[in-house]
Q: 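Dumping the structure here so I can ask a few things about it.
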Amino acid sequence: MAFYGQAVGLKTHIWANNTRSIMLLAGFPVLLVVILYGLQLVLMGFGVIPNSGGTLGDDMALAGSMLGWTVPTALVVAAIWFAISYFGSQAMIDAMTGAKKVERKDEPELYNLLENLSISRGMRTPTLRIIERQELNAYASGLHEGRYSVTVTRGLMGALDRDEMEAVLAHELTHVINKDVRTMVIASIFAGIISVMAELVFRSLFFSRGGRGGNNKNAGPLILIGIAIAVIGFVLAAVIRMMLSRTREYVADAGAAELTKNPDAMISALRKVSGQSKLEAPDELRGMFLDNQEKSAGLSGLFATHPPIEKRIDALVRFAGGRDLPPMARQAAPSTSVPPTY
């Protein structure tokens with residue numbers, strides 16, 4: 001099926017997204033250093049760490065020289081965090097979302113849908129998980145073969161018919177096939193490292209009994225410059241994480257249409273999900289969801305983790321030949337069919 005890019009094809013989009021992901025993730029260590037430098041300036045301004053006693057330039061140079069030992073320390077801590085997160089990522093995600101693993105005997109129809117899609121691509125069936133919430137959402141997680149999972153909410157299962165559910169499962173399975181689910185998990189881990197580092201430092205500032213700069217005449221400028229650098233780093237880290245998710249949703253929609261040969265079902269599922277997807281979870285996880293529109297406003301969607309559903313549907317209509325039924329037709333549909341029991 002020629003979808004989403006008649007000239008270059010789906011594989012080219014996947015390659016471009018993966019290349020962009022590698023480049024963006026490579027920037028996280030750089031951001032870590034930048035943010036650490038900014039925080040050191042703030043600490044120096046508050047008198048938590050010693051200053052040079054000289055000019056503002058001397059203080060900034062001293063903070064730079066401290067990176068010689070603070071960066072290796074931060075990288076060691078980050079490596080330990082990454083190792084813990086790598087091996088315990090699924091348990092952490094389950095704890096934060098309330099997802100529970102289910103077997104075929106628990107949800108046979110849903111399990112069979114996922115298994116059939118996996119068999120069609122010659123891959124091992126991911127673990128199936130369910131969140132006992134009425135919000136309409138889903139996500140894929142995992143870092144390598146044998147640990148991939150596809151999770152859906154109970155609300156989604158009740159709201160979608162068989163074809164729509166199959167389309168959503170195909171969407172999430174595409175994230176697994178393209179390996180971008182692994183990229184998103186790693187990006188979330190890195191973002192978590194930066195967030196935790198910032199929180200610990202700022203908490204220490206709040207409870208600090210330092211002399212708020214002591215005799216450092218450069219305290220004010222140091223604090224302002226440090227905060228500015230740190231904020232820029234935090235914003236860039238957030239943008240990187242969001243960019244990793246945004247373009248991938250189009251490709252995953254494309255994969256769903258290709259796997260099921262039914263773009264109409266994906267369109268219908270997105271229509272039902274729209275406005276009903278709010279699922280409480282940390283920001284680092286929301287980028288993995290089927291939909292997350294909480295931060296779609298402002299700065300032309302710069303801080304949105306997902307493209308608007310309208311744009312996703314438009315892509316399915318334009319490039320997959322899908323049909324977007326008018327509102328009256330969609331409202332009439334439930335009266336003529338009974339939602340499946342999974």
Q: Would you find a donor on one side and an acceptor on the other, under 3.5 Å apart, between the side chain of N112 and the backbone of P108?
A: yes
Q: Looking at E115 and R104, is any side-chain nitrogen of the basic one under 4.0 Å from a carboxylate oxygen of the acidic one?
A: yes
Q: What residues, two or more places apart in sequence or in another chain, satisfy side chain to side chain contact (heavy atoms under 4.5 Å, CB included) together with A167?
A: A265, M266
Q: So does R323 get a backbone contact from the side chain of D264, meaning a donor-acceptor N/O pair under 3.5 Å?
A: yes
Q: Run the side-chain donor-acceptor check on residues 219-230: report pairs under 3.5 Å with partners two or more places apart or on a different chain.
A:
none

Q: For the atom pair CG (L285) and OG (S141), what is the distance rounded to the nearest 0.5 Å?
A: 9.0 Å
Q: Not counting sequence neighbours, list each pair that qualifies as a salt bridge (Lys or Arg N to Asp or Glu O under 4.0 Å) and has a residue in residues 135-145.
A: R133-E135
Q: Which heavy atom in D291 sits nearest to a heavy atom in S277, and how many Å separate them?
A: OD2-OG, 2.7 Å
Q: Does a side-chain heavy-atom distance below 4.5 Å link L169 with E172?
A: no
Q: Are the side chain of T70 and the backbone of M66 linked by a donor-acceptor contact shorter than 3.5 Å?
A: yes
Q: Does K272 use its side chain to pair, donor to acceptor, with the backbone of A159 at less than 3.5 Å?
A: yes
Q: Can you name the residues that form a ring-ring contact (aromatic ring centres under 6.0 Å, His included) with Y148, not counting sequence neighbours?
A: none
Q: May I have all residue pairs that pass salt bridge (Lys or Arg N to Asp or Glu O under 4.0 Å) and include part of residues 75-100, sequence neighbours excluded?
A: D94-R129
Q: Output the distance between atom CG (N51) and atom CG (L43), rounded to the nearest 0.5 Å.
A: 12.5 Å
Q: Quick one, R271 with E310, criterion side chain to side chain contact (heavy atoms under 4.5 Å, CB included). Give me CA distance, side-chain angles, the key distance, then yes/no.
A: CA-CA 9 Å; R271 283 293 180 198; E310 290 295 336; 2.5 Å; yes
Q: If you apply the rule side chain to side chain contact (heavy atoms under 4.5 Å, CB included), what do you find for K278 with N292, and how did you get there?
A: CA-CA 7 Å; K278 185 177 180 180; N292 175 33; over 6 Å; no
Q: Just wondering, do I130 and T151 contact through their side chains at under 4.5 Å, heavy atoms?
A: no
Q: Looking at every heavy atom in both P307 and Y250, which two are closest together, and how far apart are they?
A: CB-OH, 3.3 Å
Q: Can you tell if the side chain of T153 reaches within under 4.5 Å of the side chain of L279, non-hydrogen atoms only?
A: yes
Q: Could you list the donor-acceptor pairs under 3.5 angstrom formed by side chains in residues 119-128, with sequence neighbours left out?
A:
unit_1: S120; atom_1: OG; unit_2: L117; atom_2: O; d: 2.5

Q: Please name the pair of heavy atoms, one in E249 and one in G287, separated by the smallest distance, quoted to 0.1 Å.
A: OE2-O, 4.4 Å
Q: Donor-acceptor pair, distance only, cut-off 3.5 Å: does the side chain of K261 make one with the backbone of E258?
A: yes
Q: When rounded to the nearest 0.5 angstrom, what is the spacing between CG in L160 and OG in S268?
A: 7.5 Å
Q: Kindly compute the distance separating CG (L113) from CD (E166), expressed to the nearest 0.5 Å.
A: 5.5 Å
Q: Say you draw a straight line from CG of N137 to CE of M288; how long is it, rounded to the nearest 0.5 Å?
A: 11.0 Å
Q: To the nearest 0.5 Å, how far apart are CD1 in I232 and CD1 in I35?
A: 10.5 Å
Q: Can you check whether N178 reaches V251 side chain to side chain, under 4.5 Å on heavy atoms?
A: yes
Q: I want to check something: taking the side chain as every heavy atom from C-beta on, are V273 and Q276 in contact at a cut-off of under 4.5 Å?
A: no
Q: Is the backbone N or O of F289 less than 3.5 Å from a side-chain atom of H306, with the two atoms forming a donor-acceptor pair by type?
A: yes
Q: Can a side-chain donor-acceptor contact be found between S52 and D58 if the only test is distance below 3.5 angstrom?
A: no
Q: Can you see which heavy atom on A140 is nearest to which on V176, and at what distance?
A: CB-CG2, 4.0 Å
Q: Taking all non-hydrogen atoms of both residues, which atom of K101 and which atom of E103 are closest, and how far apart?
A: CE-OE2, 3.4 Å
Q: So S149 and Y139, side chain to side chain donor-acceptor pair (under 3.5 Å) or not? Walk me through it.
A: CA-CA 8 Å; S149 290; Y139 62 87; over 6 Å; no
Q: Determine, for R286 against E280, whether the closest basic-nitrogen to carboxylate-oxygen distance falls under 4.0 angstrom.
A: yes
Q: Applying side chain to side chain contact (heavy atoms under 4.5 Å, CB included) to Y37 and M60, what does each step give before you reach the verdict?
A: CA-CA 9 Å; Y37 179 68; M60 294 182 69; 3.4 Å; yes
Q: Just by distance, do the side chain of R147 and the backbone of F87 share a donor-acceptor pair under 3.5 Å?
A: yes
Q: What's the shortest heavy-atom distance between H171 and A252, and which atoms?
A: CE1-CB, 3.3 Å
Q: Just wondering, do L114 and L110 contact through their side chains at under 4.5 Å, heavy atoms?
A: no
Q: So, do R154 and I131 sit near enough that their side-chain heavy atoms are less than 4.5 Å apart?
A: no
Q: Below 4.5 Å, heavy atoms only, C-beta onward: do L75 and L32 meet side chain to side chain?
A: yes
